[in-house]
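Have a look at the structure below, then the notes.
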Amino acid sequence: MRESTLAMKPTGSNVIRVRAAAGDYSVVCGRGLLRNAAREISRLGRFSSTHIMSSKRVWRAVGEGLRRGIPVPVAQVHLFDDAEASKSLKTVEEIARKLVRAGADRKSLLIAVGGGVVGDVVGFAAASYLRGVALVQVPTTLVAQVDSAIGGKTGVNLPEGKNLVGAFYPPRLVLVDSEVLASLPGREFRGGLAEVIKYGVIADPRLFAFLEQNMKAILGRDSRALEHVIRRSIEIKARVVSRDEKESGLREILNFGHTFAHALETVTRYRKYQHGEAVAWGMMCAALLGHETAKTPADDVARVIALVRQIGPLPGWPAVSARRLFDAMRADKKAKFGRVRFVLSPRLGTAKSYDKVPEATAIRVLRFGPQFLMGPMDSLGEKHG
Ligand SMILES: NC(=O)c1ccc[n+]([C@@H]2O[C@H](COP(=O)([O-])OP(=O)(O)OC[C@H]3O[C@@H](n4cnc5c(N)ncnc54)[C@H](O)[C@@H]3O)[C@@H](O)[C@H]2O)c1
Ligand SMILES: [Zn+2]
């Protein structure tokens, strides 16, 4: 068991450094930053060729702006489908073959422009093409900006399961421009906010309080409030992965709410929830479990639930038994030796992983928790339409 000792002041800086064994890198944040993308990228040195990898949808939304930031005669643009179903080895092969045909060599640069799907696939392609070429991440969803583009995890799905093939491969640079979020669909945006709340719970009571006070502005995509929470979330993720790049301990706290979330996603075959929506449910369940195991003070439990509800309506709880959900947790690849591990928050701003939560207690939360959480949730749903 480890407690996060991440007490740290926000730096307010627009450049956040991430440590990685293969080389440290910067995450640069700023509104409108992409208009100067070429300048940021040129600091990395010279490349023999530059290849922008994105999807049609993302490129339609943000390509025009980027084209000015990275002149297209300089870079070639390759588009591929970014549905979750395309996060596959087949897509990696297609990308690699396109790169060969375009003459990419070891000194080429790949720029991944998109959400987590684009980032994970292109990241893995960069890790494996000619055994590794330089990679710049330009995340365009809230999830990608605060989570998937930082930390070097790349990979693809197999028909047997998600993210089963991959590599730790740090990018050389991450460019985070909150302007690109303007075109993000509401559901994607709100799902990303669940991960932002997670950072408040596990590492930063001040971020948590800021979210409590400013959620309305954030939901309205107020740029100042949004930029603040994005930068703070990145600082936290950067701090965690810098200390535990390969997920041997501390990084586990990033899974707050995720043991429950993965079970919800599995039993509904990834069709009912956007990931962040499952995480939202999962964080409320983790708060209740913290209460049931006398780890989380009642006041904190109430605050977590209230803040998650502010994100807006969630798809309902699935019509499956608590036992089935629990079995899905036990089958999760993060369960070790059949023991389910739960990240709980002993105090807002801290998190610990526990592997001795009694099965009966977890099942009680799965059985009665949703009823407890559902009633008011429905009325919230009505309010938001
Ligand atoms: N590597 C990691 O550490 C890590 C962490 C979290 C999630 N992930 C992975 O990330 C993926 C989910 O990523 P996601 O939540 O970013 O979703 P996504 O990549 O599936 O994108 C969601 C949708 O939004 C569209 N989109 C992206 N940016 C847009 C923009 N600016 N404007 C309009 N539309 C836009 C995409 O085309 C897509 O249809 C999953 O595959 C998950 O496994 C990886
Ligand atoms: Zn997540």
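We count residues from 1, following the sequence as given. Order of listing sets the numbers, starting from 1, for every ligand and every atom in it.
Of the listed residues (Leu34, Thr140, Leu181), just one forms a side chain to side chain contact (heavy atoms under 4.5 Å, CB included) with Val62, and that residue is Thr140. The only member of Glu277, Met284, Met283 that meets side chain to side chain contact (heavy atoms under 4.5 Å, CB included) when paired with Trp281 is Met284.
With a heavy-atom cut-off of 4.0 Å, Asp120 touches ligand 1 through its side chain alone. When heavy-atom distances to ligand 1 are checked against a 4.0 Å cut-off, Arg57 comes that close only through its side chain, counted from C-beta outward. Of all the heavy atoms of Thr154, none lies under 4.0 Å from any atom of ligand 1, so neither backbone nor side chain is involved.
Under the 6.0 Å cut-off for aromatic ring centres, Phe342 and Phe260 qualify, their centroids lying closer than that.
Here's the thing with Glu188: none of its N/O atoms is less than 3.5 angstrom from an N/O atom of ligand 1. Polar contact with ligand 1: absent for Leu181 (N/O pair, distance under 3.5 Å). Ligand 1 has a nitrogen or oxygen under 3.5 angstrom from a nitrogen or oxygen of Gly116. At under 3.5 Å, a nitrogen or oxygen of Val117, whether backbone or side chain, sits near a nitrogen or oxygen of ligand 1. Here's the thing with Asp147: none of its N/O atoms is less than 3.5 angstrom from an N/O atom of ligand 1. Considering backbone and side-chain atoms alike, Lys153 places an N or O below 3.5 Å from some N or O of ligand 1.
The atoms of ligand 1 that sit less than 4.0 Å from any heavy atom of Lys162 are 40 (C), 41 (O), 42 (C), 43 (O). Less than 4.0 angstrom separates some heavy atom of Ser183 from each of these atoms of ligand 1: 30 (C), 31 (N), 32 (N), 33 (C). Close contacts of ligand 1 with Asn163, meaning ligand atoms under 4.0 Å from a residue heavy atom, involve 43 (O).
Protein heavy atom at the shortest distance from atom 34 (N) of ligand 1 is Pro185 CD, 3.9 Å. Protein heavy atom at the shortest distance from atom 36 (C) of ligand 1 is Asp82 OD2, 3.2 Å. For atom 40 (C) of ligand 1, the closest non-hydrogen atom on the protein side is Glu84 OE1, 3.4 Å. Among protein heavy atoms, the minimum distance from atom 28 (N) of ligand 1 is reached at Thr140 OG1, 2.7 Å. Remark: minimum distance from atom 15 (O) of ligand 1 to any protein heavy atom is reached at Val143 CB, 3.5 Å. Among all non-hydrogen protein atoms, the one lying nearest atom 35 (C) of ligand 1 is Leu184 CD1, 3.8 Å. The protein heavy-atom contact nearest to atom 26 (N) of ligand 1 is Val58 CG2, 3.8 Å.
Counting non-hydrogen atoms of neighbouring residues, nucleotides and ligands closer than 6.0 angstrom, the CZ atom of Arg323 exceeds 12 such neighbours. The number of heavy-atom neighbours closer than 6.0 Å to CZ of Arg17, taken from other residues, nucleotides and ligands shown, is above 12. Taking a 6.0 Å sphere around CZ of Arg19, one finds it holds 12 or fewer heavy atoms contributed by other residues, nucleotides or ligands. Crowding of Arg43 atom CZ: a count of heavy atoms from other residues, nucleotides or ligands under 6.0 Å exceeding 12.
Looking only at protein N/O/S atoms, the ones less than 2.8 Å from the Zn ion (ligand 2) make 3 in total.
Looking at Ser42, its side chain does come within 3.5 Å of a backbone N or O of Arg39 through a donor-acceptor pair. With hydrogens and angles ignored, the 3.5 Å screen pairs a side-chain donor or acceptor of Tyr199 with a backbone N or O of Val146.
Distance check: Asp147 CG to Leu142 CG gives 9.5 Å after rounding to the nearest 0.5 Å. The distance from the CG atom of Leu348 to the CG atom of Leu207 is 11.0 Å, given to the nearest 0.5 Å.
At least one side-chain heavy atom of Trp59 sits less than 4.5 Å from a side-chain heavy atom of Leu66. The shortest distance between side-chain heavy atoms of Lys162 and Glu84 falls below 4.5 Å.
Cluster note: Leu89 groups with Met53, Phe80, Val92, Ile95, Leu99, Val100, Leu110, Val117, Val118, Val121, Val122, Phe124, Tyr129, Leu130, Val133, Leu135, Val156, Leu158, Leu164, Val165, Tyr169 through ILVMFWY side-chain heavy atoms spaced under 4.5 Å, whether in direct contact or through intervening members.
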**Item:** salt bridge (charged side-chain N to carboxylate O under 4.0 Å, His left out) between Arg330 and Asp327, worked out
**Value:** CA-CA 5 Å; Arg330 213 166 17 206; Asp327 287 344; 3.1 Å; yes
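Both tests pass for Arg221 against the ring of Phe189: distance under 6.0 Å to the centre and angle within 45° of the axis.
Side-chain contact of Ser49 with Ser108: a donor-acceptor pair under 3.5 Å is present, judged by distance alone.
Contact annotation: Lys87 has at least one heavy atom less than 4.0 Å from an atom of ligand 1.
When Val118, Asn157, Thr141, Val62 are ranked by how near their heavy atoms come to atom 27 (C) of ligand 1, first place goes to Thr141. Heavy-atom proximity to atom 2 (C) of ligand 1, evaluated over Ser54, Gly119, Ser148, is greatest for Ser148.
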